[in-house]
Asks: 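Structure in structure tokens, see below.
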Amino acid sequence: MGIQADTLEASYRAMQEKLSGIVPDIELRYKAELAFEINQIKKERGAIILGHNYMEPALFHSVPDVVGDSLELSRKAAETDADPIVFCGVRFMAETAKILNPDKTVLLPAKRAGCSLAESITADDVRELKARFPGVPVVTYINTYADVKAETDVCCTSGNAARVVNSFEDEAIIFLPDEYLAANVAQETGKKIIFPTRDVVTDPKPGIDYQIVGWHGRCEVHEKFTVEDIANVRAQFPDVLVLAHPECSPEVVAASDFSSSTSKMVDFVKESDKHHYLLLTECSMGDNIAAMAPEKEMVRLCSIRCPHMNEITLEDTLNALKNDEQIIDVPEEIRVKALRSVQRMLEI
Ligand code: 13P
Ligand code: SF4
């Protein structure tokens, strides 16, 4: 991945080939200049750029060496020798790369780029839950900050959540912090879930009639998609295949045709022979797939966007590489504890 071109003109032509149906030419010329400069500096510095599937199409298709979902990018971060690592994604992703690479410089090309799920829970919340459910192992979605991961037994992503949960067999677990992902995983693995911050739990001891203890965090993007949205799109495009990220509500997932991580959604569309697809996830991903598979029609609900992922621009990526902007740091005491939970996930 990433455009390998020796001249600006060649770089522009390569981007035009992929993106002419998606990005207007006047913008493409401007973005090609930024991408060319980024790729030059990246080579000079021996850097690697990791890009999440939600990056805007001109960035996604020009500068990352690797693109993918959270799991794929964590795996790549664990094995790369390159330094610095520029993470075109959100803060918790860059933090995970730092947890895995304490001696390397990890850069996040945006000042904010948070995540409503990561904001929904603190390390104190996890400690309180552990005191309330003593001995119950904690599985934490990777969309959390390092201090929360440090209180965790094992992390998971949307791409491996069911596998991680099943690795505990019949043992009860605490699953944090996404209410909807937890409910969807409970459905998929046939386990009963309770929400102690909402439900009345009379006997909070393991081994009773629940197997998963959930939390009330939500993704501010995916919680907005509704069953009515799906019905409306199906009425307009009767052949449409609906793909919902598992951060959507269980009702939305049930009304969809497929649900999995962002990369598995991309693969599903590439491998299917249908014409119309509705992606219930960040809108840029529809653009990115349309550029890869121009014969497919992506129906996009672009009034629903992730404001955090959209913070990452080519301008800021260039600035990060030039000036080491937004260096990510994780205190060593927290990093060492968080590393255990990330490594355990990578082993599963
Ligand atoms: P994926 O791991 O499926 O790429 O999801 C990350 C994310 O933040 C979805 O909103
Ligand atoms: Fe976080 Fe949701 Fe944005 Fe993903 S889409 S980064 S879960 S706020």
Side-chain angles (χ1 to χ4, degrees), residues 50-56 60 64 66-78 87-97 108-121 139-145 148-149 155-165 175-185 188 215-225 243-249 252-253 256 258-269 279-289 300-312 342 345-346 348:
L50 306 180
H52 188 262
N53 288 324
Y54 287 166
M55 292 299 101
E56 61 99 357
F60 182 86
V66 182
V67 292
D69 62 17
S70 310
L71 183 59
E72 291 165 330
L73 297 179
S74 305
R75 287 221 168 97
K76 191 65 206 177
F87 215 118
C88 291
V90 289
R91 177 166 286 269
F92 74 80
M93 296 179 176
E95 260 193 16
T96 306
L108 177 69
K111 284 196 181 52
R112 283 164 298 170
C115 169
S116 65
L117 281 171
E119 305 297 333
S120 73
I121 191 155
V139 177
T140 294
Y141 194 29
I142 200 149
N143 296 34
T144 44
Y145 292 123
V148 167
K149 289 189 176 81
C155 288
C156 73
T157 73
S158 59
N160 64 10
R163 209 172 339 136
V164 171
V165 167
F175 188 104
L176 308 170
D178 186 354
E179 167 184 345
Y180 288 159
L181 178 66
N184 287 322
V185 169
E188 189 180 340
W215 185 252
H216 52 258
R218 286 192 192 170
C219 163
E220 68 189 273
V221 181
H222 292 91
E223 71 171 347
K224 295 201 180 92
F225 296 114
L243 291 79
H245 194 274
E247 290 167 13
C248 294
S249 73
V252 165
V253 168
S256 304
F258 181 75
S259 177
S260 196
S261 79
T262 53
S263 284
K264 288 185 186 157
M265 290 163 100
V266 174
D267 293 344
F268 183 94
V269 176
L279 296 186
L280 298 178
T281 196
E282 158 57 35
C283 174
S284 289
M285 223 176 80
D287 288 338
N288 292 335
I289 301 179
R300 305 162 177 85
L301 298 183
C302 286
S303 52
I304 298 177
R305 305 297 305 250
C306 175
H308 313 287
M309 289 285 186
N310 280 290
E311 284 275 312
I312 310 293
V342 175
M345 170 187 85
L346 295 175
I348 296 172

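On a predicted model such as this, the values are computed, not experimentally measured, just so you know. One-based numbering, in listed order, for ligands and for the atoms of each. Side chains are part of it too, since the values below use all heavy atoms of this structure and drop only hydrogens, waters and symmetry mates.
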Asks: Is the shortest distance from a heavy atom of His52 to ligand 1 less than 4.0 Å?
Replies: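 Heavy atoms of His52 do come under 4.0 Å of ligand 1.
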
Asks: Do ligand 1 and Tyr54 have nitrogen or oxygen atoms that lie under 3.5 Å from each other?
Replies: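 The answer is yes, given that Tyr54 and ligand 1 share an N or O pair closer than 3.5 Å.
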
Asks: What residue and atom, counting heavy atoms only, is the protein's closest point to atom 2 (Fe) of ligand 2, and at what distance?
Replies: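 For atom 2 (Fe) of ligand 2, the nearest protein heavy atom is Cys219 SG, 2.3 Å.
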
Asks: Considering non-hydrogen atoms of the protein only, which is the closest contact for atom 3 (Fe) of ligand 2, and what is the distance?
Replies: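 Here the closest protein heavy atom is Cys306 SG, 2.4 Å.
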
Asks: For ligand 1, which atoms have a heavy atom of Ser70 less than 4.0 angstrom away?
Replies: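 So the answer, numbered in order with elements, is 1 (P), 2 (O), 4 (O), 5 (O), 6 (C).
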
Asks: Can you find an N or O of Ser158 that's nearer than 3.5 Å to an N or O of ligand 1?
Replies: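 Between Ser158 and ligand 1, an N or O pair is found under 3.5 Å apart.
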
Asks: Is it true that the side chains of Thr262 and His245 contain a donor and an acceptor less than 3.5 Å apart?
Replies: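 Distance-only check fails for Thr262 and His245.
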
Asks: Check each atom of ligand 1 against the heavy atoms of Ser261 and keep those under 4.0 Å away; list them by number with element.
Replies: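 Close to Ser261: 3 (O).
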
Asks: Hey, which atoms in ligand 1 end up nearer than 4.0 Å to a heavy atom of His245?
Replies: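 Near His245, the atoms of ligand 1 are 1 (P), 3 (O), 5 (O), 9 (C).
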
Asks: Which ligand 1 atoms does His222 reach within 4.0 Å, using its non-hydrogen atoms?
Replies: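 Here the atoms of ligand 1 in question are 10 (O).
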
Asks: Could you tell me if any non-hydrogen atom of Asn143 lies under 4.0 Å from any atom of ligand 1?
Replies: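 Contact present.
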
Asks: Can you spot which of Arg300, Glu56, Met55 makes a side chain to side chain contact (heavy atoms under 4.5 Å, CB included) with Asp287?
Replies: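 Result for side chain to side chain contact (heavy atoms under 4.5 Å, CB included) with Asp287: Arg300.
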
Asks: Hey, is ligand 1 close enough to Asn53 that some N/O pair sits below 3.5 Å?
Replies: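 No; every N/O pair is 3.5 Å or more apart.
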
Asks: I need the nearest protein heavy-atom contact for atom 1 (Fe) of ligand 2: residue, atom name and distance, please.
Replies: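 Of every protein heavy atom, Cys115 SG, 2.4 Å lies nearest to atom 1 (Fe) of ligand 2.
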
Asks: Does Glu247 have a heavy atom less than 4.0 Å from any atom of ligand 2?
Replies: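 It does; at least one heavy atom falls under 4.0 Å.
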
Asks: Determine, using heavy atoms of Met265 and all atoms of ligand 1, whether some pair is separated by less than 4.0 Å.
Replies: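 No, Met265 has no heavy atoms under 4.0 Å from ligand 1.
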
